J.: 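Can you keep this structure in mind? I'll have questions shortly.
Quantities reported herein were computed from a predicted structural model and do not represent experimental measurements. Side chains are part of it too, since the values below use all heavy atoms of this structure and drop only hydrogens, waters and symmetry mates.
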Amino acid sequence: MKNSPDVDFLIFDLGNVIIDIDYQRSLSLIKSKLEESFHDRVDIFYQTEFHKSYEKGLISSIQFRDEVRNYFDQPWTDQEIDMLWNSLLGKIPPQRLDLVRELRKKYQVGVLSNTNEIHIDAVHEMLRTEHGLDRFDPIFDWVFYSHEMGLAKPSAEIYEKMLVELNTSPDRVLFFDDLKANVEGAKAVGLQAIHVTGPQVIFDFFGDV
């Protein structure tokens, strides 16, 4: 192993760490369904209060879909909204799951992800059809989803709540995330953290395990 960090827990974000995602693909697809006058709304979609609330599980999927219809003034069906919303999801490369399996022999491994019910349902379907897994639990010891915790990165509270669940101190955790703000948020709480800037970062970090 190239790096063998002195920690007990390795915690991974999902998007662009375990699962390939492409926000721009989703935004472009939404724009293709709308008149140009609505495109500005697409660009700030992820900053809307209802999106933030959904990510924290403060509103239901039914409420979220209704908010999307109202926001874009469209009569989209639930299925259309889910298709547009999930279009950012790419593949789950098996090599990443294999890496986690190997790392689990030495560390406790977990997920900490800002996500939502619609995305996770789609991800679980991908795991079933592509990897023969019902959920992430057979691979990870810990799974923390923002919409189940009522909190979202990069708030200090979500990392602190995770540490309570892990029953550990922040210096015993190494966290990997693709967003700099989330990495900085983790470091502010005392976690060790790595900014994942590309698909090879976690492989380059650990080397041949």
Side-chain angles (χ1 to χ4, degrees), residues 1-28 46 55 86-116 119-120 122-124 126-127 130-131 133 135-147 149 151-156 158-160 162-163 165-166 168-209:
M1 186 180 293
K2 181 178 179 181
N3 286 299
S4 186
D6 181 22
V7 296
D8 301 312
F9 300 88
L10 302 175
I11 306 296
F12 299 88
D13 180 30
L14 284 182
N16 284 330
V17 179
I18 301 299
I19 304 171
D20 289 333
I21 60 172
D22 187 342
Y23 292 107
Q24 197 54 52
R25 179 174 59 221
S26 183
L27 297 178
S28 295
Y46 290 108
E55 200 168 59
N86 287 330
S87 63
L88 62 80
L89 296 171
K91 294 290 186 180
I92 305 174
Q95 299 93 328
R96 293 180 191 160
L97 300 183
D98 290 342
L99 176 63
V100 172
R101 288 186 181 98
E102 287 299 313
L103 293 171
R104 195 181 187 188
K105 296 175 181 178
K106 183 173 182 180
Y107 303 94
Q108 290 194 49
V109 294
V111 165
L112 175 63
S113 179
N114 283 358
T115 188
N116 57 79
H119 281 344
I120 286 301
V123 168
H124 287 166
M126 290 166 57
L127 285 171
E130 298 175 14
H131 301 282
L133 298 168
R135 309 174 72 84
F136 280 116
D137 300 78
I139 294 178
F140 290 94
D141 301 293
W142 303 89
V143 178
F144 300 103
Y145 294 146
S146 62
H147 69 289
M149 299 175 75
L151 298 164
K153 298 176 292 185
S155 73
I158 193 168
Y159 302 107
E160 290 166 350
M162 178 185 72
L163 290 170
E165 292 292 321
L166 297 178
T168 192
S169 58
D171 61 298
R172 303 308 300 166
V173 178
L174 178 58
F175 175 61
F176 297 83
D177 199 290
D178 70 317
L179 296 182
K180 186 176 181 180
N182 296 341
V183 170
E184 295 304 320
K187 288 181 176 178
V189 176
L191 278 70
Q192 301 181 55
I194 301 292
H195 187 196
V196 179
T197 56
Q200 281 297 123
V201 168
I202 58 174
F203 296 103
D204 290 343
F205 182 84
F206 290 107
D208 184 11
V209 298

J.: Carefully, step by step, assess F175 and V189 under the rule side-chain contact (heavy atoms from CB on, under 4.5 Å).
T.: CA-CA 12 Å; F175 175 61; V189 176; over 6 Å; no
J.: So how far is it from M149 CE to N114 CG, rounded to the nearest 0.5 Å?
T.: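 Interatomic distance, M149 CE to N114 CG, rounded to 0.5 Å: 10.0 Å.
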J.: Hey, could you give me each pair passing salt bridge (Lys or Arg N to Asp or Glu O under 4.0 Å) that has a residue in residues 6-24? Not counting sequence neighbours.
T.: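 Applying salt bridge (Lys or Arg N to Asp or Glu O under 4.0 Å) to every pair that reaches into residues 6-24, excluding sequence neighbours, yields D6-R172, D8-R172, D13-K153, D20-R96.
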J.: Does the side-chain contact (heavy atoms from CB on, under 4.5 Å) test come out yes or no for L163 and F9, once each step is laid out?
T.: CA-CA 10 Å; L163 290 170; F9 300 88; over 6 Å; no
J.: How many angstroms lie between atom OG of S113 and atom CD1 of I18, to the nearest 0.5 angstrom?
T.: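 Result: 10.0 Å between the selected atoms.
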J.: Tell me whether E55 contacts the main-chain N or O of N116 through its side chain, where contact means a donor paired with an acceptor under 3.5 Å.
T.: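 A pair under 3.5 Å: no.
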J.: Determine whether a donor-acceptor pair (N or O, by modelled atom type, separation under 3.5 Å) exists between the side chain of H147 and the backbone of I120.
T.: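 It does not hold such a pair.
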J.: Does CZ belonging to R101 count more than 12 external heavy atoms closer than 6.0 Å?
T.: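 Enclosed: over 12 neighbouring heavy atoms sit under 6.0 Å from CZ of R101.
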J.: Measuring only between side-chain heavy atoms, which start at C-beta, is Y159 closer than 4.5 Å to P154?
T.: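 When only atoms from C-beta onward are counted, P154 and Y159 do touch, with a gap below 4.5 Å.
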J.: Evaluate V196 against F205 for side-chain contact (heavy atoms from CB on, under 4.5 Å), listing each step before the verdict.
T.: CA-CA 10 Å; V196 179; F205 182 84; over 6 Å; no
J.: For H119 and N86, work out which heavy atoms get closest and say how close.
T.: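 Closest heavy-atom pair between H119 and N86: ND1-OD1, 2.8 Å.
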J.: Taking atom CG of N16 and atom OH of Y23, what is their separation to the nearest 0.5 Å?
T.: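 The OH atom of Y23 is 7.0 Å from CG of N16, to the nearest 0.5 Å.
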J.: Side chain to side chain contact (heavy atoms under 4.5 Å, CB included) with I139: which of L127, L97, V109?
T.: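 Testing I139 for a side chain to side chain contact (heavy atoms under 4.5 Å, CB included) against L127, L97, V109 leaves exactly one candidate, L97.
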J.: In Å and rounded to the nearest 0.5 Å, what is the CD1 to CG distance from I11 to L191?
T.: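 Between atom CD1 of I11 and atom CG of L191 there are 8.5 Å.
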J.: Could you tell me the separation between the CD1 atom of I21 and the CG atom of L88, rounded to the nearest 0.5 Å?
T.: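 The CG atom of L88 is 6.0 Å from CD1 of I21, to the nearest 0.5 Å.
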J.: Is the side chain of H195 donor-acceptor paired with the backbone N or O of D177 at a distance under 3.5 Å, no angle test?
T.: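 Absent.
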J.: Would V183 and K187 count as a side-chain contact (heavy atoms from CB on, under 4.5 Å) if you check the C-alpha gap in whole Å, the side-chain angles of each, and the deciding distance to 0.1 Å?
T.: CA-CA 6 Å; V183 170; K187 288 181 176 178; 3.9 Å; yes
J.: Indicate the atoms forming the closest heavy-atom contact of L151 with I158, along with that distance.
T.: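 Taking every non-hydrogen atom into account, O-CD1, 3.4 Å.
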J.: Main chain of P5, side chain of Y107: is a donor-acceptor contact present, judged purely on distance under 3.5 Å?
T.: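 Such a contact is found between Y107 side chain and P5 backbone.
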J.: When you measure from the side chain of S146 to the backbone of T115, do you find a donor-acceptor pair of N or O atoms at a distance under 3.5 Å?
T.: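 Present.
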J.: When rounded to the nearest 0.5 angstrom, what distance separates CD1 in I19 from CD1 in I92?
T.: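 Interatomic distance, I19 CD1 to I92 CD1, rounded to 0.5 Å: 4.5 Å.
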J.: Of all the heavy-atom pairs spanning M162 and L112, show the shortest one and how long it is.
T.: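 Smallest heavy-atom distance, with atoms named: SD-CD2, 3.9 Å.
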J.: Taking the ring of F136 and the ring of Y145, is the distance between their centroids below 6.0 Å?
T.: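 No: the rings miss the under 6.0 Å criterion.
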J.: Determine yes or no for a side-chain-to-main-chain donor-acceptor pair under 3.5 angstrom, with S155 supplying the side chain and A152 the backbone.
T.: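 Yes; judged by distance alone, with no hydrogens or angles, the pair exists.
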J.: Is V173 close to V7 at the side-chain level, that is, under 4.5 Å between some pair of heavy atoms?
T.: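 When only atoms from C-beta onward are counted, V173 and V7 do not touch, as no gap falls below 4.5 Å.
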J.: Of all the heavy-atom pairs spanning Y46 and L27, show the shortest one and how long it is.
T.: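 For Y46 and L27, the tightest heavy-atom pair comes out as CE1-CD2, 3.6 Å.
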